[in-house]
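This is the structure I have questions about; it appears just below.
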Amino acid sequence: MAGCQRIECAEFQLDHPLMGWHWFADLQPGYTYVNAQGGSVQLVRTEYDRAAAEKRWCHMCACYTELQTDYTCAALNTLFQCNVDYEGLAGPDENGGSVYYGVNRLASTERGYSSFGSRDSTLEGYVSDYLPQRFTVRRRATVMLLTTPVADVLELTVLDTATAGVEAVWVKKGQGLLAFRRRGVVWIKQ
């Protein structure tokens, strides 16, 4: 036992570089989205689970830490999920880890995700072997969201709109979930 040491696995760090890709990086309790007709809906945080620090013995030294959040929109019967995880022993300048996005109807028993790996502060679309693909991923140099042009956006087109209830979402690093389209109507973050 002389070779074993106790180590501390740190809690999930809210300033980790991957948080730039979280749908709601500032983790407010709610967000308002509006459409071109003047309608508005609220996305409300309904789940927040942040990994806490823990002690482990050296034979279990790999520390993985994560943040899981759900935001629901009761008016549109939609659930937006975002999980971020990374290895806790990685250096402070390392971005390696994964971001998981999920969009589902509130009543759906299907709570699947697509996984995106991070490298060099970018988000590379890939799907792990154990996760079926939920989105097609396209980087857009510019996208027009209602009347506002937005540069350097990740466009995720939902493959199973019957399960998700949403056709597409647009994400920008550092700004999160900019907008989504449901039944042909675009809702943009206010």
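Note that the numbering runs from 1 along the sequence shown for the chain. Model, not experiment: these values are computed from the prediction.
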Inset, instruction - Return the orientation label for the Trp187 and Phe180 ring planes: parallel under 30°, perpendicular over 60°, tilted otherwise. - result: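 Parallel.
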Legend entry - Validation row: Leu159, Phe135 side chains within 4.5 angstrom (heavy atoms): no
Legend entry - From CG (Leu18) to CG (Asp85), nearest 0.5 Å: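 Rounded to the nearest 0.5 Å, the CG-CG separation comes to 8.0 Å.
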Inset, instruction - Could you check Leu145 against Leu178 for side-chain contact (heavy atoms from CB on, under 4.5 Å), going step by step and ending with a plain yes or no? - result: CA-CA 8 Å; Leu145 297 175; Leu178 297 174; 3.9 Å; yes
Inset, instruction - Please name the pair of heavy atoms, one in Asn83 and one in Thr69, separated by the smallest distance, quoted to 0.1 Å. - result: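 In this case the closest contact between Asn83 and Thr69 is OD1-N, 3.8 Å.
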Inset, instruction - Using a strict 4.0 Å threshold on nitrogen-to-oxygen distance, state whether Arg50 and Glu11 make a salt bridge. - result: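 Salt bridge present between Arg50 and Glu11.
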Inset, instruction - Measure the shortest side-chain to side-chain distance between Gln68 and Val84 over non-hydrogen atoms and say whether it is less than 4.5 angstrom. - result: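 A side-chain contact is absent here, since even the closest heavy-atom pair is not under 4.5 Å.
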Legend entry - Pairwise side-chain contact, Trp23 with Leu43, heavy-atom cut-off 4.5 Å (strictly under): no
Inset, instruction - Ignoring hydrogens and angles, tell me if any N or O in the side chain of Arg45 forms a donor-acceptor pair with the backbone of Leu27 under 3.5 Å. - result: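 Yes, because the side chain of Arg45 sits within donor-acceptor range (under 3.5 Å) of the backbone of Leu27.
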Legend entry - Derivation and outcome, side-chain contact (heavy atoms from CB on, under 4.5 Å), residues Tyr33 and Gln190: CA-CA 5 Å; Tyr33 284 75; Gln190 195 172 40; over 6 Å; no
Legend entry - Side chain proximity check, Val185 to Gln37, heavy atoms < 4.5 angstrom: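 SC-SC contact between Val185 and Gln37 confirmed.
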Legend entry - Side-chain touch Glu155/Val137, heavy atoms, less than 4.5 angstrom: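 Not in contact.
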Inset, instruction - State, yes or no, whether a side-chain contact exists between Thr72 and Leu106 at a heavy-atom distance under 4.5 Å. - result: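 Contact flag for Thr72/Leu106 side chains = yes.
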Inset, instruction - Compare all side-chain heavy atoms of Tyr31 with those of Lys189 and state whether any distance is below 4.5 angstrom. - result: yes
Inset, instruction - In sequence, state the C-alpha distance, the side-chain angles, and the governing distance for Arg105 and Leu79, and then conclude on side-chain contact (heavy atoms from CB on, under 4.5 Å). - result: CA-CA 6 Å; Arg105 293 185 189 275; Leu79 168 67; over 6 Å; no
Inset, instruction - Please name the residue in the list Tyr64, Phe12, Trp21 that meets the ring pair (Phe, Tyr, Trp, His ring centres under 6.0 Å) test with Tyr86. - result: Phe12
Legend entry - Ring centre gap for Tyr71 and Phe24 strictly below 6.0 Å: yes
Inset, instruction - Give the cluster check for Leu156 versus Trp170: same hydrophobic cluster or not, with ILVMFWY residues linked at side-chain heavy-atom distances below 4.5 Å. - result: no
Inset, instruction - Answer yes or no: is there a side-chain heavy-atom contact under 4.5 Å between Thr163 and Asn104? - result: yes
Legend entry - Criterion side-chain hydrogen bond (donor to acceptor under 3.5 Å, both in side chains) on Thr161 and Glu167, from CA distance to verdict: CA-CA 6 Å; Thr161 58; Glu167 294 112 28; over 6 Å; no
Legend entry - Sub-6.0 Å ring centroid separation between Tyr101 and Phe80: no
Legend entry - Val99 vs His22, side-chain contact (heavy atoms from CB on, under 4.5 Å): CA-CA, chis, key distance, verdict: CA-CA 7 Å; Val99 176; His22 193 285; over 6 Å; no
